[in-house]
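Lettering follows sequence order; numbering is per chain, from 1.
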Amino acid sequence: MSGAWDRDEAALFVETLFGRHQTEIYAYLLRMLREPELAADLTQDAFIKAYRNYETLEKPENARAWLYQIAHRVALDEIRRRKIIRFLPWTGESPGSSPSAERLVMDAHLSGDMQRALSRIPERQRAALLLAELHDLTGLELAAALGVSHVAARALLTRARESLRQALAAERAADAAADAPALGEDPR
Amino acid sequence: MSSRRRPGRRPDHWSSPHERARVRAAERLDAPLATSEAAWLETHLAGCPACDAIAEAYVADRLALRELREVAPEPPRDLWARTAAGIERESATRRREPRSAADRRRSLPALGALSGLAVVTVVVIATAISGGFLASVGDGVATSASPVALASQEPAPAPTAMAVGAGKVYWLGAGTGGTFAYNMADVLAVCPLDRQPDCAPFADANARRVTISAIPKFVFQSPIDDQAIVVGTDAAGSDAILVVALPPSDPTPELSPDPSTAPAAGAEPIATITPITSGEPTVVSSVIVSSGDPGGSLEPIASELISPEPSTSAVAIITDVIVVGRSAAYSPDGTWFAFSARPADGSVGPDIYVWHVGDLLARPLTTDHASLFASWMGGSLLGSRLGPESVSLPGPSPSVEPTSEIAPPTDVPPSADASPPAEVAVILEHLPQTFMLDPVTGAETSLFDMDWQPAVDPTGFAVVAWQGTVGLGLDGRTAGPITGNLVIHRFHGPLEADEPATSSTPAPDVTPTPTPEASGDVSPSAFPSLAVDFPTQIVAAGPLADFDARWDDTGSWLGIWIADPIDPTIGRLSLLHFDRLTGLLDRPEGAPVDVTALPGFSIGLGRMAWATPPGQGGEGSRIQIAAWTADEVGAIESVPVEGAIIVQ
């Protein structure tokens with residue numbers, strides 16, 4: 001893909017990429033940021049950046065990992081810029097519309113222990129888990145998407161699993177404490 | 001595969017077998033463990049209910065996480081329309097730009113202007129070179145395959161020197177009677193690659209004679225005052241680090257009509273080269289005062305070792321150590337000097353030391369005897385050490401002795417099992433750990449990137465580092481890269497931080513503002529806009545015996561020195577350009593590529609300087625300088641210099 005920057009070629013390529021990967025890129029960004037409109041905006045940004053950086057894609061077969069790398073950095077940049085260090089409160093549909101049944105189901109899913117636990121772990125670890133477990137990136141694709149070496153990506157994933165385990169344990173403990181009657185409270 | 005190998009597994013690597021079991025239980029979800037490790041894990045889990053519960057939790061958590069797959073959110077239906085409109089806007093913007101991204105990548109930033117930010121004295125000299133050494137005929141000494149050509153034996157046509165921004169280059173050469181010559185050159189012009197014959201070699205001139213009762217290995221010039229630090233080895237083989245206060249350089253050097261006739265080297269004052277008339281710019285080798293004690297007898301390290309003149313003294317800030325690695329450096333603001341060293345008796349491995357300008361002694365910042373200083377990032381230090389074990393592989397006999405040293409993370413000396421038969425030796429590969437240190441408090445912060453010996457650019461945006469595995473050598477002290485590559489990638493900052501280490505990481509489509517601490521005294525406006533995204537790029541493919549990566553003051557140029565796999569006392573040096581608009585590396589035409597160079601080079605202010613190995617037949621080294629402008633790269637070199645050491 002190196003060489004002269006061909007606008008038409010790049011636009012056509014990105015359009016093809018969009019058709020193939022828009023759903024998963026949007027899903028990844030939504031899972032990272034939990035805000036549908038923001039995820040849509042960032043998906044748009046990611047594909048525009050793909051167009052802008054088209055010449056940096058060395059092999060078309062790596063386009064998916066390359067696209068995830070762009071999306072990942074867009075997400076991290078947004079998190080940093082907005083100082084979002086936790087998942088934003090779920091806002092549902094954009095103003096003026098009613099939440100779809102699908103989104104209500106997703107909301108229920110995302111509001112559970114798992115989502116809260118994910119929100120407690122560092123974003124890079126969260127990204128590694130999402131990309132590996134929900135988006136089926138291979139080890140090399142994961143490394144490329146995260147912008148680290150293969151071994152570093154594996155190590156990050158290992159740390160992420162431990163962080164998630166601890167975070168889930170904390171969530172469950174908090175749930176148990178909330179459900180238990182307060183000390184001295186009459187259970188009747 | 002690198003040569004590093006270690007026999008057997010270090011039992012002290014893991015903090016506990018439970019930690020090892022936890023890590024392995026998580027790892028096996030992503031890739032099968034080695035047979036022996038899998039067997040060990042099963043055995044451990046069978047006898048450790050708590051560990052077994054954690055392993056089961058990993059599996060259960062994974063399944064729970066994967067349940068989120070059941071919900072596949074759909075993007076808004078108008079997303080393509082919005083994206084296409086954005087692409088069209090982007091395309092229209094690019095049409096208005098005079099040059100494409102590729103063109104920008106090939107172009108060079110206006111470093112001549114940036115060099116005005118230099119901390120060194122800028123001397124703008126525009127003069128006719130009539131009689132100057134660009135017009136002179138060289139001495140005809142043979143050179144290597146370096147792109148830096150010597151002056152031709154043939155009469156040169158009209159000189160075509162290439163003016164570059166001002167900036168000084170310092171080097172140390174052997175003088176007479178055991179003394180050394182501290183030299184400086186203001187290089188104001190070089191010759192393009194295709195006109196190298198127009199640049200005759202320059203000479204050190206009126207070098208200041210200094211006496212050093214140790215063999216200098218590396219020399220560092222303070223960025224803020226006339227002070228140098230010398231890392232030297234004494235007669236017993238121990239290293240000492242000396243701080244030398246240098247007298248002011250002579251601001252008004254004399255004229256030399258033909259520098260090509262100057263003596264090859266030495267401490268005796270020789271003709272000085274200074275342009276005196278207006279016209280084209282020329283190369284100037286200006287002068288430092290010459291005075292000193294020719295006796296140069298060996299003295300105890302802690303005593304006054306360098307006596308260029310009565311008012312100049314040297315103070316040893318550390319003695320009886322072995323200075324490890326090639327990364328020692330002043331901080332960007334010149335108030336600190338950092339290095340790695342271990343005791344000369346080999347009792348423990350290296351630690352990171354700092355010396356604050358004005359203090360009597362250097363002090364250790366780490367005490368694990370396993371840390372190496374990597375580079376400065378603004379006012380903080382970056383270091384690295386061996387991290388978790390990655391994998392064990394059968395190891396061949398080493399063909400390369402690594403040149404950086406690190407001890408195991410305990411005070412335990414190398415055990416008796418350190419020398420098994422070579423046929424059973426294995427390489428223990430570790431992941432590197434990178435951390436940031438506060439030079440004042442020693443507070444340590446883990447970094448996200450698992451890099452070995454990272455060199456971060458002055459804005460904290462990009463980093464050059466070894467990515468892969470590292471390991472110890474047979475001596476249990478020596479570490480270096482094993483499998484992986486030397487790469488450049490975006491710097492991510494602290495591991496668990498909410499914010500990156502510097503504020504220079506850009507938000508999308510936003511030009512970042514480098515932090516003042518990261519950029520030192522350099523105005524943020526000096527830095528071109530940064531690419532938001534750029535791919536990890538391989539700078540040098542592994543295996544590598546050792547390397548030294550240094551950025552210039554703008555974060556746009558990189559010097560990369562790679563140790564020779566057979567003889568790590570020499571290496572190959574390349575100059576690379578980092579396009580901060582695209583995040584891509586390139587090699588501008590005329591830039592040195594894999595030139596043979598001694599360890600230690602300087603880069604900054606629009607130039608890179610290094611010393612070549614001594615030539616055949618007893619000829620000394622040469623100081624070679626590549627300098628660049630916004631449009632091209634040129635070069636020039638010195639006459640042979642005995643015992644040349646570049647001042648970094």
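- Chain B forms more heavy-atom pairs under 4.5 Å with one residue of A:L29, A:L157, A:L164 than with any other, namely A:L157.
- By number of non-hydrogen pairs under 4.5 angstrom with chain A, the leading residue of B:D78, B:D30, B:L29 is B:D30.
- Between the CZ atom of A:F18 and the CD1 atom of B:I87 there is a distance of 8.5 Å, given to the nearest 0.5 Å.
- At a threshold of 4.5 Å between non-hydrogen side-chain atoms, the residues A:W66 and B:P535 do not count as touching.
- Of the listed residues (A:Q22, A:E162, A:E24), the greatest number of heavy-atom pairs within a distance under 4.5 Å of chain B belongs to A:E162.
- Here the CZ-CD distance, from A:R154 to B:E27, works out to 5.5 Å after rounding to the nearest 0.5 Å.
- In this structure, chain A has heavy atoms under 4.5 Å from both the backbone and the side chain of B:R82.
- Both the backbone and the side chain of A:E15 come within less than 4.5 Å of a heavy atom in chain B.
- Expressed to the nearest 0.5 Å, how far CD of A:E55 lies from OG1 of B:T582 amounts to 6.5 Å.
- Interface remark: A:L168 contributes side-chain atoms only to the contact with chain B (heavy atom separation under 4.5 Å).
- For A:R31 (side chain) and B:L68 (main-chain N/O), a donor-acceptor pair under 3.5 Å exists by modelled atom type.
- The side chain to side chain contact (heavy atoms under 4.5 Å, CB included) check on A:L140 picks up A:T138, A:H150, with sequence neighbours excluded.
- Contact annotation: the side chain of B:Y58 approaches that of A:R165 to within less than 4.5 Å [non-hydrogen atoms, C-beta and beyond].
- Residue-environment remark: CZ (B:R66) exceeds the threshold of 12 foreign heavy atoms within 6.0 Å.
- Heavy atoms only, all atoms of each residue included: B:L79 and A:A40 are closest at CD1-O, 3.4 Å.
- Between A:D136 and B:R69, at least one side-chain N (NZ, or NE/NH1/NH2) sits under 4.0 Å from a carboxylate O, which counts as a salt bridge.
- Heavy-atom distances place the backbone of A:L146, and not its side chain, under 4.5 Å from chain B.
- Inter-residue side-chain proximity for B:L65 and A:M114 is flagged as met; some heavy-atom pair is nearer than 4.5 Å.
- In this structure, the side chains of A:T43 and B:P75 stay at 4.5 Å or more apart for every pair of heavy atoms.
- Applying the ring pair (Phe, Tyr, Trp, His ring centres under 6.0 Å) test to every pair with at least one member in residues 116-139 of chain A, sequence neighbours left out, gives these pairs: A:Y28-A:H135, A:Y68-A:H135.
- In this structure, B:T83 OG1 and A:L17 CG are separated by 12.0 Å, a value rounded to the nearest 0.5 Å.
- The two atoms that bring B:G86 and A:I48 nearest to each other are CA-CD1, 3.5 Å, heavy atoms only.
- Here B:L431 contributes atom CG and A:L156 contributes atom CG; the two are 11.5 Å apart, rounded to the nearest 0.5 Å.
- With chain B as the partner, the residue from A:I25, A:D41, A:L129, A:T23 showing the most heavy-atom pairs under 4.5 Å is A:T23.
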